[in-house]
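Heads up, the thing below is written out as structure tokens.
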Amino acid sequence: MSWDRFTQHYLNINELDFAIDISRIDFGDNFLTEMEPRMQAAFTAMQELEAGAIANPDEGRMVGHYWLRNPALAPQAELTAEIEACVSKIKKIAADVHSGAIQGASGAFKNLLVIGIGGSALGPQFVADALGGPKTDKVKLYFFDNTDPNGLDRTLDALEGQLGETLSVVISKSGGTPETRNGMLEATAAYTAAGLDFGRHAIAITGEGSKLHQVSKDNNWLDFLPMWDWVGGRTSELAAVGLFPAAIQGLDIDRMLAGAKAMDEVTRSTDTASNPAALLALMWYFATDAKGAKDMVVLPYKDRLMLFSKYLQQLVMESLGKELDLDGKVVHQGIAVYGNKGSTDQHAYVQQLREGVHNFFATFIEVLKDRDGDSIEVESGTTSGDFLQGFFLGTRDALYDNGRQSITITIREVTPEAVGQLIALFERAVGLYASLININAYHQPGVEAGKKAAATVLEIEQQVIAYLQKHAGNKFDAVTIAQNLNLEAQTELIFKLLNRLAANQRGLSIETKTPIDQSLFYSE
Ligand SMILES: O=P(O)(O)OC[C@H]1O[C@](O)(CO)[C@@H](O)[C@@H]1O
């Protein structure tokens, strides 16, 4: 990379200890100028959104995650007051948990079990891993983020004998997400089996008046924190969803909020050249031909940022992955995101990045500070951190030499401020990019299709179970059951259901296994 191009496209923001380098995306001299009118239109749309416009027309709601870190910006005084009251309440509960003023049945809370999924888990998981550690955590975090029974058991095994000192927080904006509901019921059963009252150990974070809110009231849970309809799940890390687990863990939530607020101020600028979120959005536009033609590989060279790509996967893909644009035209937009951490990934998939199918651009995240304290020399004059940087710079060059482009984001250290900044940066970049490609970043109609289909599966399973119970002592194949239930079109589905019921001894065993479509199931 020539020094001239690098300096031309390297934006250093001193007061944030942050820099972004877009010089290794090969846009030409006119690209930024040509895009400027569209970028200005995106800034205007963002200003309207921040001022409280109904920026999510499908769901008829405002999009206000920027107010969370600067409550004075909220369009109504009541919202400002609600945001501030929520943060104060979080701090008060955290202080009471840490002092032992709020306790479990067996003593002060040592653990926090976070029950949530998607935006109600990914942010808390990322932040807990980025900023926590065994020496500093005041409370240890565990997660139920799925409805996988074995996964739930593994977490419960880790908490065995400790539930009386474990606070649980059930997080669901809608308050009706099945995986989270199941997690709550499984946790309740585990507390009950340990002779404990779940409600005495539980807090809800959800929309006021939701099913979950009602459950928490009916069962006298310890407390409730609000999730507002103007905060989307995937942008809720700096609402109670993320702030509560972080505060309980002992992280400095004021510093996270301050970092996000500072990044918001910088990315609110309508001067494209000095706005890192605008530059990111423009690079996505260029690198993916404005249609997701290339995937985004996120490569932080720091273990603490390993979960950032998972967090970004939802933020970017759920926001941008849309069939229709704002004019109702079929566009099939999106950018696929994956990644893990360097240099670990060099020993996994970087081979393909360097030489294989050219379907990605990389986003490197460089962290300047190696560690607290001194490092030993692993070779004469060389530390482990020198190696890490060597692998980062070497890989970046090796990719670029082979035509693989990249963006580099540099931070000094993984601090609460830096984490807040990164979250705010990508939230804003997603919003601006959505404007550039004319889509609604704030709804997720596609997820609903899968949820509806799952509900149908569960209904058919109930019919199958009822049929088997009625005909206990008989043998069946899937074809016969489907015919008898008038569900011939669902024969494959019924076969899959029978297989799993048999594997879990749900009143069914498999008599013969081949050929598959004629397997016989014995109803016990
Ligand atoms: O917080 P909730 O309402 O339980 O939703 C969890 C996740 O489910 C989704 O709605 C997708 O199904 C995400 O957008 C959201 O983060």
Side-chain angles (χ1 to χ4, degrees), residues 55-56 58-65 68 86 113-128 143-148 151-152 168-187 202-216 221 224-246 307-323 334 337 423 426-427 430-431 434 439-458:
N56 182 356
D58 292 30
E59 295 176 8
R61 59 177 177 87
M62 301 187 290
V63 174
H65 46 274
L68 298 169
C86 182
L113 174 61
V114 181
I115 304 172
I117 197 166
S120 294
L122 291 161
Q125 287 168 327
F126 160 54
V127 168
F143 290 88
F144 272 8
D145 68 351
N146 198 359
T147 186
D148 169 18
L152 299 169
S168 282
V169 59
V170 185
I171 309 180
S172 174
K173 176 179 169 178
S174 60
T177 301
E179 293 92 331
T180 304
R181 194 275 319 254
N182 296 356
M184 174 188 75
L185 294 175
E186 296 259 3
I203 287 185
I205 301 179
T206 187
E208 191 133 20
S210 75
K211 272 192 210 160
L212 171 58
H213 189 202
Q214 197 54 46
V215 170
S216 74
W221 288 17
F224 153 83
L225 289 160
M227 242 319 243
W228 301 288
D229 74 341
W230 44 265
V231 180
R234 53 188 170 275
T235 52
S236 64
E237 174 48 31
L238 296 171
V241 170
L243 295 181
F244 179 77
L307 295 182
F308 193 44
S309 57
K310 262 181 100 176
Y311 168 80
L312 286 181
Q313 217 164 41
Q314 187 206 20
L315 176 65
V316 173
M317 296 178 74
E318 204 168 67
S319 301
L320 301 179
K322 301 292 156 70
E323 181 172 20
V337 178
I423 290 169
F426 279 85
E427 282 178 353
V430 163
I439 58 149
N440 177 356
Y442 306 106
H443 65 171
Q444 52 286 329
V447 188
E448 299 310 316
K451 286 184 189 168
K452 279 192 196 127
T456 307
V457 171
L458 289 167

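Note that ligands are numbered from 1 as they come in the structure, with each ligand's atoms numbered from 1 the same way.
- Between W221 and M184, the closest heavy-atom pair is CH2-SD, 3.7 Å.
- Judged purely by distance below 3.5 Å, without hydrogens or angles, the side chains of E179 and N146 never pair a donor atom with an acceptor atom.
- Taking all atoms of both residues into account, the shortest heavy-atom contact from A187 to L113 is CB-CD2, 4.3 Å.
- No donor-acceptor distance shorter than 3.5 angstrom exists from the side chain of E59 to the backbone of H443, with no hydrogens or angles considered.
- No side-chain donor-acceptor contact under 3.5 Å links T180 to the backbone of G176.
- Within 4.0 Å of ligand 1, heavy atoms belong to protein residues I117, G118, G119, S120, S172, K173, S174, T177, G233, Q314, E318, V447, K451.
- Using the six-membered ring where Trp is involved, H65 and Y442 have ring planes that are tilted, between 30° and 60° apart.
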